[in-house]
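We count ligands from 1, going down the list as the structure has it; atoms in each ligand are counted the same way.
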Amino acid sequence: MITNRNIEIAPSILSADFSCLGEQIKAVERGGAGVLHVDVMDGHFVPNITVGLPVVKSLSGFTRLPIDAHLMISEPGRYATQFVSAGAQMVSVHVEADAHLHRTLMTIRDAGAQAGVVLNPATPVSAIEEALQFADYVLVMSVNPGFGGQKFIPEVIDKVKRIRRLIEERQLNVRIEIDGGIDRNNVESVVAAGAEILVAGSAIFGTSDAEAAVRELRNATIQWV
Ligand code: DX5
Ligand code: ZN
């Protein structure tokens with residue numbers, strides 16, 4: 001068993017009620033969320049459009065949680081540092097969307113944020129073998145990006161294990177985040193595989209009590225903390 005790991009719950013506001021977003025964020029803060037996950041979609045890299053810079057800017061002045069901007073956009077290098085300026089402390093870009101990944105990761109770090117690299121479910125671990133050393137975290141998608149409320153792809157657990165092994169072999173200081181279909185039923189197995197930041201949208205905001213839902217997910221991982 002791996003001990004002394006800092007497991008964090010990262011509520012994804014994609015499934016929140018935007019008419020009372022502030023209240024919903026306060027609820028997940030009370031529940032013990034560690035990070036606030038903001039899904040940015042451009043209708044081009046993924047078949048959906050969500051929120052962008054003005055929302056990150058406004059939330060960064062509102063929440064005490066670090067904002068984790070997950071950029072599901074084409075050519076993320078064009079916008080990544082603007083998200084840092086808007087207040088995101090973590091910015092992740094998809095390996096499938098960026099032909100200049102090293103440069104983008106470096107510009108995120110230089111701007112003062114943690115840089116993350118994201119893999120879609122069918123993207124092999126080998127695609128990030130080189131990028132790993134330039135990243136602060138790897139975001140493993142456990143659904144195809146674009147929508148909340150999709151079914152968890154269980155094969156991704158093995159991928160998390162392989163990434164974990166790679167990180168340990170190379171003694172890198174890189175955390176693993178997992179995103180998509182995370183709920184009470186799979187949270188323990190993804191943590192056991194090596195994930196440390198757990199994104200959950202519908203499992204938190206799809207319930208009538210977001211605060212309790214975060215607390216319940218946290219409690220499920222307590223043996224690992
Ligand atoms: C999917 C997004 C996720 C999404 C997760 O493209 O990246 O962050 O909000 O939602 P659930 O937890 O409902 O799968
Ligand atoms: Zn996401």
Side-chain angles (χ1 to χ4, degrees), residues 7-18 21 24-25 27-28 31 33-52 55-56 59 65-74 76 79-80 83 88-98 113-123 135 137-157 159-160 175-191 195-208 210 213-214 216-218 220-221:
I7 310 297
E8 291 185 307
I9 307 297
S12 160
I13 62 165
L14 185 61
S15 301
D17 178 352
F18 281 83
L21 187 56
Q24 300 240 289
I25 291 172
V28 298
V35 171
L36 191 68
H37 186 84
V38 178
D39 289 302
V40 179
M41 304 187 190
D42 66 353
H44 184 259
F45 177 65
V46 289
N48 197 5
I49 299 176
T50 55
V51 297
V55 173
V56 169
L59 293 184
L65 299 174
I67 293 181
D68 166 29
H70 174 193
L71 305 189
M72 285 161 276
I73 62 177
S74 301
Y79 297 96
F83 280 91
Q89 274 132 292
M90 299 166 70
V91 177
S92 63
V93 297
H94 274 257
V95 60
E96 306 86 3
D98 198 343
Q114 289 182 36
V117 57
V118 195
L119 298 97
N120 279 338
T123 302
Y137 62 104
V138 178
L139 170 47
V140 181
M141 291 307 301
S142 39
V143 298
N144 288 290
F147 302 95
Q150 301 180 80
K151 205 172 156 312
F152 180 77
I153 301 169
E155 286 79 3
V156 164
I157 291 177
K159 191 183 198 176
V160 171
R175 293 199 292 165
I176 301 178
E177 179 174 27
I178 189 159
D179 184 3
I182 298 296
D183 62 20
R184 182 64 193 81
N185 299 316
N186 52 34
V187 77
E188 283 158 83
S189 45
V190 299
V191 172
E196 290 177 303
I197 308 168
L198 316 175
V199 179
S202 48
I204 292 174
F205 294 113
T207 70
S208 56
V214 174
E216 201 192 319
L217 285 177
R218 274 199 70 181
T221 67

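- Taken from CZ in Arg175 to CD1 in Ile7, the straight-line distance is 9.5 Å, to the nearest 0.5 Å.
- Protein heavy atom in closest approach to atom 3 (C) of ligand 1: Asp179 OD1, 2.9 Å.
- The N, O or S atom of His37 lying closest to the Zn ion (ligand 2) is NE2.
- Remark: ligand 1 and Met141 share no N or O pair separated by less than 3.5 Å (distance only, no angle test).
- Proximity of Phe205 to Ser12: side-chain heavy atoms (C-beta onward) are nowhere separated by under 4.5 Å.
- Backbone and side-chain nitrogen or oxygen atoms of Asn144 are examined, and none is located within less than 3.5 angstrom of a nitrogen or oxygen of ligand 1.
- With respect to the Zn ion (ligand 2), His70 has ND1 as its nearest N, O or S atom.
- Closest N/O/S atom of Asp39 to the Zn ion (ligand 2): OD1.
- Met90 and Ala113 get closest at one heavy-atom pair: N-CB, 4.3 Å.
- When all heavy atoms are compared, the tightest approach of Asn186 to Gly181 is ND2-O, 2.8 Å.
- Between Thr123 and Val95 the shortest side-chain heavy-atom distance falls below 4.5 Å.
- By the 4.0 Å heavy-atom criterion, Gly181 is counted among the residues contacting ligand 1.
- If you check each of Ser92, Ser15, Gly149 against atom 11 (P) of ligand 1, the one with the closest non-hydrogen atom is Gly149.
- The shortest heavy-atom contact between Asn120 and Glu96 is N-OE2, 2.6 Å.
- The closest protein non-hydrogen atom to atom 1 (C) of ligand 1 is Phe147 O, 3.5 Å.
- Within Asp179, the N/O/S atom positioned nearest the Zn ion (ligand 2) carries the name OD2.
- Here the side chains of Glu177 and Asp68 are in contact, with some heavy-atom distance below 4.5 Å.
- Protein heavy atom at the shortest distance from atom 2 (C) of ligand 1 is Asp39 OD1, 3.4 Å.
- Contact check for Asp179 versus Ile182: no side-chain heavy atoms found under the 4.5 Å cut-off.
- The distance from the CD atom of Gln150 to the OG atom of Ser142 is 9.5 Å, given to the nearest 0.5 Å.
- Per-residue contacts place His70 under 4.0 angstrom from the following atoms of ligand 1 (heavy atoms of the residue considered): 7 (O).
- The shortest N or O to N or O distance between Val199 and ligand 1 is not below 3.5 Å.
- If you check each of Ser202, Ala16, Ser142 against atom 13 (O) of ligand 1, the one with the closest non-hydrogen atom is Ser202.
- The option with the heavy atom closest to atom 9 (O) of ligand 1, from among Ala10, Gly201, Ser12, is Ser12.
- For Gly148, no nitrogen or oxygen atom sits less than 3.5 Å from a nitrogen or oxygen atom of ligand 1, counting backbone and side chain alike.
- The closest side-chain heavy-atom distance from Pro145 to His94 is below 4.5 Å.
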